[in-house]
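Accompanying notes for the structure given below.
Excluded from the calculations below are hydrogen atoms, water molecules and symmetry mates; all remaining heavy atoms, backbone and side chain alike, are included. The first residue of the sequence shown is numbered 1, and numbering continues consecutively from there.
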Amino acid sequence: MMMDDQRVGDLPPGFSFDPTDEELVLYYLKSKIAANLSFNIPHLHFSSSDPSQLNERALWSKNQWYFFSQVKENNNRATGRGYWKELNMNEPIILKNCGEKEKIIGIKKYFVYYITTNIHEQVQTNWIMEEFHLKRENEKLLEWVVCRVHESKNNSEGITCDDNDEIELSALDEVFLSLDDDQEQEEISFPY
């Protein structure tokens with residue numbers, strides 16, 4: 001049996017695919033890069049990663065879809081119906097309990113999916129993509145990444161600021177902007 005043909009349905013009853021960020025980077029992504037293995041996560045091009053096309057193509061578990069892809073630095077993540085827009089909120093993936101100090105093993109980038117209705121109009125959706133990168137020492141033309149896609153439970157498509165520019169904010173932007181206003185908030189919940 002080839003590893004590429006495995007799906008979550010091949011797991012024994014009671015098991016589910018629910019990797020942590022560290023596991024996605026260290027076990028899946030690092031192994032994919034080192035030996036070109038894909039385990040039960042398929043390889044997709046971003047042109048075919050429109051959220052409506054992920055069923056039966058990407059690995060699905062717990063209302064999340066997983067796939068490998070190759071990207072270039074500052075690569076356009078356009079699909080047939082729209083594009084994935086980066087939120088510029090890079091988060092380090094830290095390996096804890098690694099000796100005396102923590103070690104950064106990768107980076108997680110966040111994207112929101114926009115549907116293009118015409119040349120000048122885009123509609124923000126509730127689809128969120130987390131793109132995991134292995135920490136690199138040197139730049140490459142193409143880089144393997146592993147992506148986790150899910151639909152946010154927040155039904156709002158953002159808010160419009162009262163500026164002259166009419167900037168539309170995503171739900172995640174609203175959370176981060178509210179941190180400055182409410183310093184006494186103890187727990188932060190993300191609109192996933």
Side-chain angles (χ1 to χ4, degrees), residues 4 8 17-95 103-116 122-154 158 169-176 190-192:
D4 289 339
V8 171
F17 187 77
D18 191 20
T20 63
D21 293 352
E22 294 85 5
E23 290 167 338
L24 280 172
V25 171
L26 278 182
Y27 184 70
Y28 291 98
L29 185 56
K30 191 172 181 179
S31 297
K32 174 71 172 173
I33 293 168
N36 202 23
L37 301 173
S38 55
F39 305 98
N40 54 348
I41 302 176
H43 170 238
L44 297 175
H45 295 285
F46 273 102
S47 60
S48 66
S49 60
D50 182 316
S52 66
Q53 298 171 329
L54 290 177
N55 284 336
E56 302 299 322
R57 290 185 179 178
L59 175 70
W60 180 80
S61 180
K62 293 190 170 189
N63 294 324
Q64 297 178 344
W65 289 263
Y66 297 86
F67 62 92
F68 287 112
S69 195
Q70 285 186 295
V71 296
K72 293 181 183 177
E73 190 66 31
N74 299 321
N75 190 9
N76 182 358
R77 285 150 179 83
T79 70
R81 293 184 46 210
Y83 63 95
W84 291 100
K85 181 180 179 182
E86 187 171 358
L87 294 178
N88 294 321
M89 298 184 330
N90 296 347
E91 180 181 324
I93 306 299
I94 299 172
L95 181 62
K103 179 180 177 183
I104 296 175
I105 57 171
I107 301 291
K108 178 167 53 170
K109 297 181 178 184
Y110 292 91
F111 294 80
V112 172
Y113 190 71
Y114 282 80
I115 295 174
T116 305
Q122 297 88 28
V123 177
Q124 180 181 339
T125 69
N126 290 334
W127 288 98
I128 306 288
M129 178 171 68
E130 299 168 3
E131 187 178 273
F132 295 86
H133 299 253
L134 193 62
K135 183 179 177 192
R136 302 179 290 167
E137 299 301 324
N138 55 7
E139 298 293 323
K140 297 179 183 177
L141 291 178
L142 280 175
E143 173 189 11
W144 280 107
V145 295
V146 64
C147 302
R148 178 181 356 187
V149 176
H150 65 276
E151 190 170 14
S152 171
K153 294 176 184 168
N154 185 354
L169 299 176
S170 71
L172 287 173
D173 290 336
E174 293 176 49
V175 170
F176 287 107
F190 290 94
Y192 289 26

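Residues Y66 and S61 approach most closely at CE1-O, 4.4 Å, considering heavy atoms. Contact between Y27 and S31 at its shortest, heavy atoms only, is O-OG, 2.6 Å. Taking both residues in full, the closest heavy atoms of P42 and A58 are given as CG-CA, 3.7 Å, listed atom of the first, atom of the second, then distance. When all heavy atoms of L134 and V25 are compared, the pair lying nearest together is CD1-CG1, 3.5 Å. The shortest heavy-atom contact between M129 and R77 is CE-CD, 4.4 Å. For the pair S47 and Q53, the tightest heavy-atom approach, listed with the atom from each and the gap, is O-OE1, 4.3 Å.
Residues that satisfy the ring-ring contact (aromatic ring centres under 6.0 Å, His included) test with F111, not counting sequence neighbours, are absent from this structure. For the side-chain hydrogen bond (donor to acceptor under 3.5 Å, both in side chains) test, residues two or more places apart in sequence or in another chain that qualify with T79 are Y113. The side-chain hydrogen bond (donor to acceptor under 3.5 Å, both in side chains) check on N55 picks up W65, with sequence neighbours excluded.
Under the side-chain contact (heavy atoms from CB on, under 4.5 Å) rule, L26 has a single partner from D21, I105, I93, which is I105.
In this structure, K109 does not pair ionically with E131, as no charged nitrogen and carboxylate oxygen lie closer than 4.0 Å.
Rounded to the nearest 0.5 angstrom, K62 NZ and D18 CG are separated by 4.0 Å. Note that CD1 of I41 is 12.5 Å distant from OG of S69, once rounded to the nearest 0.5 Å. Atom CG of L24 and atom NZ of K32 lie 14.0 Å apart (nearest 0.5 Å). If you take CG on L59 and CG on N40, they are separated by 5.0 Å, rounding to the nearest 0.5 Å. For the atom pair OH of Y110 and CD of E86, the computed distance is 12.0 Å after rounding to the nearest 0.5 Å.
Contact annotation: the side chain of I128 approaches that of V112 to within less than 4.5 Å [non-hydrogen atoms, C-beta and beyond].
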For the pair V71 and H133, evaluate side-chain contact (heavy atoms from CB on, under 4.5 Å) and give the outcome as yes or no after the intermediate values.
CA-CA 10 Å; V71 296; H133 299 253; 4.1 Å; yes

Checking side chain to side chain donor-acceptor pair (under 3.5 Å) for the pair K85/Y83: CA distance, chi angles, key distance, verdict?
CA-CA 6 Å; K85 181 180 179 182; Y83 63 95; 5.7 Å; no

